[in-house]
Amino acid sequence: MIVRFRAVLNPFRKSCKKCNLQAMTIHEFGSYRLDAEAEMLFQESEPIALGRRAVMLLRLLVERAGTPVSKDALMQAAWPGLAVEESNLTVQIAALRRIFAEVDGGATWIETLPRRGYRYVGPPVVTAESGADLPTSPAHAASDRPSLAVLPFSNLSGDPAQDYFSDGITGDIIAELSRFRSLFVVARHSSFAYRGRSAEIKRVGRELGVRYVAEGSVRKIGSRVRVTVQLLDAGSGYNLWTERYDRELENIFSLQDEIVRAIVAALPGRLEDAGRETARRKRTSSITAYDLVLLGNARWRQLTMKGMAEAREYFRNAVALDPQYARAHVNIAWTIVCDVFLESPATATLDEALREIETALDIDDGDAWSHGVFAQLLFLRNEDAKAEIHFSRALALNPNDADVAAVFANILVYWGRWREALTRIGAAKRLNPFPPNLYHWYHALALYSGHEYERAVKALMEARSLDRWSHGLLAACYAQMGRLGEARFEAEAFVRERSRELNENGDALPANTLDLAQARAGRYRDPADREHFLDGLRRAGLTG
């Protein structure tokens, strides 16, 4: 049981006189606040009874958030100069986990790294000196445009199976707002980090680096849909605008447009933007086809072989209902492109993907998503000059598309242009401050190409979890740095997980372990870059 109290006499707390003479470091994460100097943990305004050892461990973990912290470093922080059993560390970590377990998902915030130590992987940590304003995030600081995040709309239908619909409505509104060049719109992935969470708006604004936040709810009943939306000033929490819409489901697209125009008009100084004609996607006249696309979107985002196959069937069924539905065509192509990048067994061909994307662009040449998918397909077909044209077209149509910027960064690395890649991935991370793990891989791969091995390791350690390719790249980095013990450890993890993946896909294992990475290495256009990638893995112990 965790005891909370209004006033706490902490024997380890610094004297009041000392506290008044110097600013104290405050770490905020989720609903928690760690006063590092006073050695106190609070949830909102309530202090939590927590021993000094646990506080010191927590301080080190959050100060190195996303990075592994060795057991030796933790024990030195909590028991400096003392020889203690490792079981003491385990007890204190368990105490921290019990505290965080009181919030949804909190039990997983401190990750155990077998034989290595622990890592904090919870909500982003914002650090400031007490009495000072919390720092503005890079996303906010990097743009003088009005900055906006749209949080996932709540599903009020009473049926969790309808979550895909409210998520789809939110995603479409984010996509349409992103097309306004005068706005800075946070990417869907970062906004959806707040899905199912009750978050204080000022905190959301700080964490996402935005001035304005939109939120709402969706209730789908029979042939009707009710949507409530509000726009808030994240700095003050003031409600700028609220509206409730009650429409027939068949009017869902005009409703989305109306919401987008209302949000833009409600932003201070942006009334004129709301009235401008912007290029609109050519949508479907079939609400059933639209529903199938939303269902397919929920499947492909799982990024699994099964999810891609299921998504592709949803999209094909949508095309059968409306052959002029461009988004359904391009999404078929997208699942095929993903299968190739994920190195899944081929169930569809790049030729089919080409037919689908060309059909989509014939229907609607002004869709940024279609050009982004086409660019990746052209790269896989070794048509690099055309691929770059379509990447540029996608970003011109939607400068707020973080995913296109991130993927373009990855492709630039394979083209040998790692410096440009770093610029692109930096922009993507500003638009998507809570990025998917893949962004960190793209970032690290660019740094590896630039022989910035230590920085590449740090980029990979920002990920919430490490997949097979992250282990492989870590192995290569450590080997190039001469840290061969860590390199071998990561190489073993890569071989183990990559072999498991091939087994699950029904593929034969190669005779040499280096061959596990040959397909990925083959994406490099310059043989010297390809050899540099393989050299790191070879030094880490892979054979071939």
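Computed over heavy atoms, backbone and side chain alike; hydrogens, waters and symmetry mates excluded.
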> Please assess Glu176 against Arg179 for the test salt bridge (charged side-chain N to carboxylate O under 4.0 Å, His left out), listing each intermediate value before the final yes or no.
CA-CA 5 Å; Glu176 288 303 316; Arg179 297 157 74 91; 3.8 Å; yes

> Do Arg538 and Glu531 have side chains that get closer than 4.5 Å, going by heavy atoms?
yes

> Does a side-chain N-to-carboxylate-O contact under 4.0 Å join Arg312 and Glu352?
no

> Above 12 or not: heavy atoms from other molecules or residues under 6.0 Å from CD of Gln302?
yes

> Is there a donor-acceptor pair under 3.5 Å between the side chain of Tyr478 and the backbone N or O of Arg488?
no

> Would you verify whether the NZ or CZ of Arg188 falls within 45 degrees of the ring axis of Phe192 while also being under 6.0 Å from that six-membered ring's centre?
yes

> For the residue pair Ser286 / Asp322, report whether a side-chain donor-acceptor contact shorter than 3.5 Å exists.
no

> If you compare all heavy atoms of Leu208 against all heavy atoms of Ala149, which two are closest, and at what distance to 0.1 Å?
CD1-CB, 3.6 Å

> Salt bridge between Lys306 and Glu504, side-chain N to carboxylate O under 4.0 Å?
no

> Check the pair Arg59, Glu63 against salt bridge (charged side-chain N to carboxylate O under 4.0 Å, His left out), reporting the backbone distance first and the verdict last.
CA-CA 6 Å; Arg59 176 177 180 173; Glu63 285 178 348; 3.0 Å; yes

> Among Leu361, Asp362, Asp364, Thr359, which one satisfies side-chain contact (heavy atoms from CB on, under 4.5 Å) with His329?
Thr359

> Under the criterion side-chain contact (heavy atoms from CB on, under 4.5 Å), I'd like the reasoning laid out for Leu514 against Thr543: C-alpha separation, chi angles, the key distance, then a yes or no.
CA-CA 5 Å; Leu514 193 63; Thr543 59; 5.9 Å; no

> Could you report the tightest heavy-atom contact between Asn398 and Ala368, atom names first, then the distance?
CB-CB, 3.6 Å

> Would you say the ring centroid of Tyr453 lies under 6.0 angstrom from that of His451?
yes

> Any side-chain heavy atom of Trp418 within less than 4.5 Å of one from Asp529?
no

> Report yes if some heavy atom in the side chain of Arg203 is under 4.5 Å from a heavy atom in the side chain of Glu28; otherwise report no.
yes

> How many angstroms lie between CZ in Arg327 and CD1 in Ile363, if you round to the nearest 0.5 Å?
12.0 Å

> Minimum heavy-atom separation for Glu207 to Gly30, with atom names?
OE2-N, 4.2 Å

> For the residue pair Leu516 and Leu502, establish whether any side-chain heavy-atom pair is separated by less than 4.5 Å.
yes

> Is the side chain of Ser70 donor-acceptor paired with the backbone N or O of Gly117 at a distance under 3.5 Å, no angle test?
no

> Quick one, Phe315 and Val293 - any side-chain contact, counting heavy atoms below 4.5 Å?
yes

> Which residue in the set Arg430, His189, His440 passes side-chain contact (heavy atoms from CB on, under 4.5 Å) when paired with Pro435?
His440

> Carefully, step by step, assess Arg424 and Glu388 under the rule salt bridge (charged side-chain N to carboxylate O under 4.0 Å, His left out).
CA-CA 13 Å; Arg424 293 288 183 183; Glu388 185 161 7; over 6 Å; no

> Could you tell me whether the side chain of Ser449 and the main chain of Leu445 form a donor-acceptor pair under 3.5 Å?
yes

> Is any side-chain heavy atom of Trp469 closer than 4.5 Å to one of Leu438?
no

> Determine, for Asp351 against Arg355, whether the closest basic-nitrogen to carboxylate-oxygen distance falls under 4.0 angstrom.
no

> What distance separates Met75 CE from Glu86 CD, expressed to the nearest 0.5 Å?
6.0 Å

> Is the backbone N or O of Leu412 less than 3.5 Å from a side-chain atom of Arg417, with the two atoms forming a donor-acceptor pair by type?
no

> Would you please test Ser157 and Asp159 for side-chain hydrogen bond (donor to acceptor under 3.5 Å, both in side chains) and show each step?
CA-CA 5 Å; Ser157 300; Asp159 179 7; over 6 Å; no

> When you look at NZ of Lys71, are more than 12 heavy atoms from neighbouring residues, nucleotides or ligands closer to it than 6.0 Å?
yes

> Report the residue from Arg496, Arg116, Arg468 that forms a salt bridge (charged side-chain N to carboxylate O under 4.0 Å, His left out) with Glu490.
Arg116

> Going by side-chain hydrogen bond (donor to acceptor under 3.5 Å, both in side chains), name the residues that satisfy it together with Arg419, two or more places apart in sequence or in a different chain.
none

> Rounded to the nearest 0.5 Å, how far does CZ of Phe153 lie from CZ of Phe165?
12.0 Å

> Considering non-hydrogen atoms only, spot the tightest contact between Ser370 and Ala360 and give its length.
OG-CB, 4.3 Å

> Answer yes when Glu313 and Arg316 have at least one side-chain N-carboxylate O distance shorter than 4.0 Å, and no when they do not.
yes

> Looking at Val186 and Pro433, what are the two nearest heavy atoms and their distance?
CG1-CD, 4.0 Å

> Checking side-chain polar atoms at under 3.5 Å, does Asp167 have a donor or acceptor matched by the opposite partner on Thr170?
no

> Centroid separation under 6.0 Å, is that true for the rings of His27 and Tyr32?
no

> Relative to the ring of His390, is the ring of His371 parallel (under 30°), tilted (30 to 60°) or perpendicular (over 60°)?
parallel

> Kindly assign one of parallel, tilted or perpendicular to the pair Trp334 and Trp300, based on the angle between their ring planes and the thresholds 30° and 60°.
perpendicular

> Taking side chain as C-beta onward, heavy atoms only, is Ile336 less than 4.5 Å from Glu356?
no

> Relative to each other, are the rings of Phe434 and Tyr194 parallel, tilted or perpendicular (30° and 60° limits)?
tilted

> Centres of the Phe29 and Tyr120 rings: under 6.0 Å?
yes

> Which atom pairs, one a donor and one an acceptor, fall under 3.5 Å between side chains of residues 399-411 and the rest of the protein, sequence neighbours left out?
residue	atom	partner	partner atom	Å
Asn400	OD1	Val185	N	3.3
Asn400	ND2	Ser178	O	3.0
Asn400	ND2	Leu183	O	3.1
Asp401	OD1	Asp403	N	3.2
Asp401	OD1	Val404	N	3.1
Asp403	OD1	Tyr439	OH	2.5

> Quick one: CD1 on Ile93 to CD on Glu111, what's the gap to the nearest 0.5 Å?
12.0 Å

> Kindly indicate whether the side chain of Asn437, heavy atoms from C-beta on, has any atom under 4.5 Å from the side chain of Ser465.
yes

> Enter the distance from Glu420:CD to Ile425:CD1 here, rounded to the nearest 0.5 Å.
14.0 Å

> On a heavy-atom basis, which atom in Asn155 and which in Pro160 lie closest, and how many Å separate them?
ND2-CA, 4.1 Å

> Partners of Tyr524 by ring-ring contact (aromatic ring centres under 6.0 Å, His included), sequence neighbours excluded?
Tyr414, Phe533

> Mind running side-chain hydrogen bond (donor to acceptor under 3.5 Å, both in side chains) on Asp291 and Tyr164 for me, showing each step along the way?
CA-CA 9 Å; Asp291 203 57; Tyr164 79 92; 2.7 Å; yes

> Rounded to the nearest 0.5 Å, how far apart are CZ of Arg520 and CZ of Phe341?
9.0 Å

